[in-house]
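Positions are given from 1, in the same order as the sequence printed here.
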Amino acid sequence: MIVRKPKIVLLTLAVAAALAGCKNNETPTTDKTAAPPVATAPAELKLDESKLPAYNSFKLSDLDTSKDACSDFGDYVNEKWLAANEIPADRSSWGAFSILDERSVAVQHQLAEQAAAMKNPTGIEKIVGDFWASGMDVAKIDALGITPLKADLAAIDGLTDGAAIADYLRTSAAKGENVLFGFGPEADFKNSSMNMAYASQGGLGLPDTTYYTDAKKADKLKAYQAHVAKVLELSGVAAADAAKQAAEVVKFETRLAKASKSSVELSRDVSLFYNPVTVAEADKLTPNFSWNKFFEAQGIAAPEKFSLAIPSFHQEVSKALGDTDPSVWRAYLRFHTVDGASPYLSQDFVQENYAFYGKELNGQKEIKPRWKQVLGTIENEAGEAFGQMYVKVAFSPEAKAKMEVLVKNLAAALKDRIENLTWMSPETKAKAIAKWETFTPKIGYPDKWRDWSGLKTTHDDYLGNVRAADAFNYQWNLAKIGKPVDKTEWGMTPQMVNAYYNPLQNEIVFPAAILQPPFFDPNADDALNYGGIGAVIGHEMTHGYDDQGSRFGPTGNFENWWSPADTRNFSGLTGKLVNQFNAYKVGDQHVDGKLTLGENIADLGGLATAYDALQKATAGTPDPLVDGLSRDKRFFFNWATVWRTKYTPENAKVRLATDPHAPAQFRAMGAPSNLPTFAAAFECKAGSPMVRAGDKQVVIW
């Protein structure tokens with residue numbers, strides 16, 4: 001796996017992928033094309049379906065009938081398939097999502113090759129073709145070695161004091177290359193119709209703060225230090241000096257980690273991201289880092305207020321600018337500059353990047369083939385542009401229309417569930433319904449595409465194209481600060497196999513690539529579609545009422561719309577769900593029920609809502625008994641099929657520490673075990689592991 005450390009995420013909600021700091025860019029462009037969403041891709045684009053991987057739909061033969069559905073439903077549906085399917089050597093996990101991702105990537109492969117082969121292309125085809133051609137020219141990239149970074153490294157070598165370092169941080173940020181903290185626009189929590197600037201924590205090379213402070217992860221910290229030394233050595237530092245500098249870099253990052261918030265803290269308290277301050281107030285907190293100068297360097301007017309999220313982190317950075325030897329800063333900045341660029345440099349850098357981030361951290365046995373690496377770059381840097389080409393060949397209007405019906409049915413079922421809650425007061429319930437009434441669904445692809453005409457790329461400069469896109473995207477994002485939120489924007493590309501809920505806009509979004517089997521099949525029976533994408537739709541809607549989404553009101557503003565009694569009732573119910581997932585184990589390590597709470601609430605509410613919607617959609621029609629299976633059984637079977645996933649041991653450990661989603665095997669069984677409808681469908685007896693009853697049963701939404 002080639003890992004480019006991700007653009008620093010501003011917020012870590014379920015909407016994380018939609019936020020401006022998630023994917024980080026000549027002149028900012030605010031205009032959008034008003035043309036029909038698929039009209040810009042040329043007619044020459046064609047898709048050869050025979051070259052695409054097969055779908056991984058539910059099959060009767062996958063069931064392991066030697067097991068008991070009432071004991072472990074995940075094993076009953078998926079264990080046989082998991083045993084027969086190995087994780088590909090270039091991946092660290094494998095299952096329904098990754099198989100669809102392989103299919104999406106295969107489509108993109110065909111399109112990128114076609115774009116690169118066009119004569120005199122323009123627009124998005126030129127951008128995609130330039131990235132592809134430059135990225136696939138390995139011989140030229142290898143011949144250049146570290147040369148593309150010479151000017152950057154010379155600038156870093158010239159930093160002799162804190163003032164110069166602060167100035168470097170400001171100027172590099174203006175090019176979209178801020179290695180230390182995230183900065184960009186997001187809706188104002190208190191006025192969600194307007195964008196404000198947010199500055200977040202960052203600066204770490206490991207997945208979470210606990211990698212620096214938890215003795216159980218000491219082996220990974222040691223391996224990271226060796227990686228830092230190797231990258232420094234590859235960049236031209238003598239081996240002995242590289243080893244010494246690596247120790248200082250890790251010590252410095254450990255200091256930052258101790259002033260930062262962990263994944264658990266960030267995922268379970270969204271208020272941490274909202275700390276509006278004036279520029280003068282921010283400057284007082286960080287006397288060695290001027291925010292007035294920072295805004296000036298970014299080319300934007302200093303705002304009346306901006307959110308200085310996690311102020312303890314920024315205060316520590318300011319202290320470090322005053323008390324840390326510039327040589328440590330130089331080593332830190334040199335490492336992160338080279339490490340961030342490694343995927344676009346010669347093969348020695350590429351291989352070292354994989355060796356640590358792919359193999360050591362995630363247990364990936366082989367590096368991804370070059371063509372996949374380059375497609376990943378296009379996705380990171382110009383994903384929505386590529387998406388215009390993707391939907392031209394891979395998403396039909398018929399599929400979108402059928403999805404719209406599903407969304408409507410799920411919404412109606414959720415409203416019924418809210419109205420029939422027994423633990424919520426009528427006053428709070430009325431506000432929950434008011435929020436329901438403002439849900440906005442987005443399906444397949446944007447109605448309006450970004451204008452990419454300001455991005456200049458070439459056929460022969462891979463890193464240059466990446467940096468041009470970084471600067472272009474960054475400046476495009478900065479242009480939003482202080483402006484009204486554009487509610488037509490998407491936070492994911494059409495070719496991404498995922499979905500999200502954005503609490504600040506109260507929207508649910510389903511990219512085209514996830515709208516395929518086993519999630520969604522226009523030709524499949526209702527049971528499979530409601531158990532697949534129906535439950536995903538319900539899941540995303542329920543995020544509006546999970547432990548963090550419920551802190552935002554109907555307009556997307558951050559507000560408390562709960563009575564004290566309802567808050568206590570909700571906390572009691574969610575606490576039971578935390579306990580349920582705390583009891584699950586992967587090897588000797590427990591799942592973190594608090595870290596995964598929001599996703600578990602959404603799974604439970606989403607599955608229950610999808611079941612209700614299925615019953616309404618099929619009311620009065622006979623049960624078709626497909627393959628001898630009842631409609632209800634097929635519904636639950638497809639739910640479990642969606643979560644068939646296996647992980648390398650290393651990847652599982654990373655996920656347990658940082659992923660707000662529980663391991664897939666527990667998602668397959670966790671929500672169904674709380675539903676009496678599941679027990680009835682499979683005739684499970686009281687006391688069975690898949691039958692949670694009495695005080696153990698969790699019913700929230």
Side-chain angles (χ1 to χ4, degrees), residues 36-38 41 45-60 62 96-97 99-104 106-107 387 389-413 441-447 492-499 508-541 606-607 609-619 621-627 629 631-642 644:
V38 298
L45 292 176
K46 295 180 181 179
L47 182 62
D48 185 347
E49 291 274 356
S50 68
K51 295 182 179 180
L52 303 181
Y55 290 121
N56 183 233
S57 304
F58 165 71
K59 297 181 183 65
L60 184 63
D62 288 338
F97 280 87
I99 290 171
L100 268 192
D101 182 61
E102 286 288 327
R103 188 175 174 90
S104 176
V107 173
M389 298 169 65
Y390 177 88
V391 299
K392 175 75 173 180
V393 300
F395 189 66
S396 71
E398 293 79 12
K400 183 168 184 173
K402 190 160 187 177
M403 267 294 295
E404 288 170 345
V405 173
L406 279 165
V407 170
K408 182 179 179 181
N409 292 348
L410 264 293
K442 294 180 177 179
I443 300 168
Y445 48 81
D447 293 327
M492 286 182 181
T493 64
Q495 62 272 27
M496 184 175 290
V497 183
N498 215 327
I508 52 174
V509 186
F510 306 95
I514 199 175
L515 304 179
Q516 302 177 79
F519 297 91
F520 175 65
D521 182 353
N523 300 313
D525 62 284
D526 284 332
L528 293 186
N529 278 330
Y530 279 88
I533 198 64
V536 174
I537 295 168
H539 172 105
E540 299 306 338
M541 288 180 174
L607 186 62
T609 300
Y611 181 85
D612 290 353
L614 173 64
Q615 305 313 305
K616 290 184 179 181
T618 58
T621 63
D623 192 328
L625 291 177
V626 180
D627 293 328
L629 299 174
R631 185 183 281 139
D632 284 8
K633 282 187 175 181
R634 287 170 61 76
F635 169 85
F636 287 112
F637 281 147
N638 206 40
W639 163 262
T641 300
V642 162
R644 59 170 50 148

Closest approach of [X] and [Y], non-hydrogen atoms and distance?
X	Y	value
Val407	Pro441	CG1-CB, 3.8 Å
Ala106	Pro53	CB-CD, 3.8 Å
Pro517	Leu100	O-CD2, 3.5 Å

Side chain to side chain, [X] and [Y], heavy atoms closer than 4.5 Å:
X	Y	answer
Met403	Leu515	yes
Leu629	Val626	no
Tyr530	Asn409	yes
Ile537	Leu406	yes
Asp632	Gln615	yes
Met389	Leu45	yes

Atom pair [atom1] ([X]) and [atom2] ([Y]), whose distance is rounded to the nearest 0.5 Å:
X	Y	atom1	atom2	value
Leu607	Asp612	CG	CG	10.0 Å
Asn529	Leu614	CG	CG	10.0 Å
Lys402	Ile443	NZ	CD1	13.5 Å
Leu528	Thr641	CG	OG1	8.0 Å
Phe395	Gln495	CZ	CD	13.0 Å
Ile533	Ile514	CD1	CD1	5.0 Å

Q: Tell me, please, which residues at least two apart from Lys408 pass side chain to side chain contact (heavy atoms under 4.5 Å, CB included).
A: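 Residues passing side chain to side chain contact (heavy atoms under 4.5 Å, CB included) with Lys408: none at all.
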(Q) Which residue in the set Phe97, Trp639, Phe510 passes ring pair (Phe, Tyr, Trp, His ring centres under 6.0 Å) when paired with Phe519? (A)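 For Phe519, the ring pair (Phe, Tyr, Trp, His ring centres under 6.0 Å) check succeeds only for Phe97.
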Q) Between Asp623, Thr621, Asp525, which is the residue that forms a side chain to side chain donor-acceptor pair (under 3.5 Å) with Arg631? A)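 When Asp623, Thr621, Asp525 are each tested with Arg631, the side chain to side chain donor-acceptor pair (under 3.5 Å) holds only for Thr621.
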Q: Show your reasoning for whether side chain to side chain contact (heavy atoms under 4.5 Å, CB included) applies to Arg634 and Asp627.
A: CA-CA 10 Å; Arg634 287 170 61 76; Asp627 293 328; 4.2 Å; yes
Q) How are the rings of Phe636 and Tyr611 set relative to one another: parallel (under 30°), tilted (30 to 60°) or perpendicular (over 60°)? A) parallel
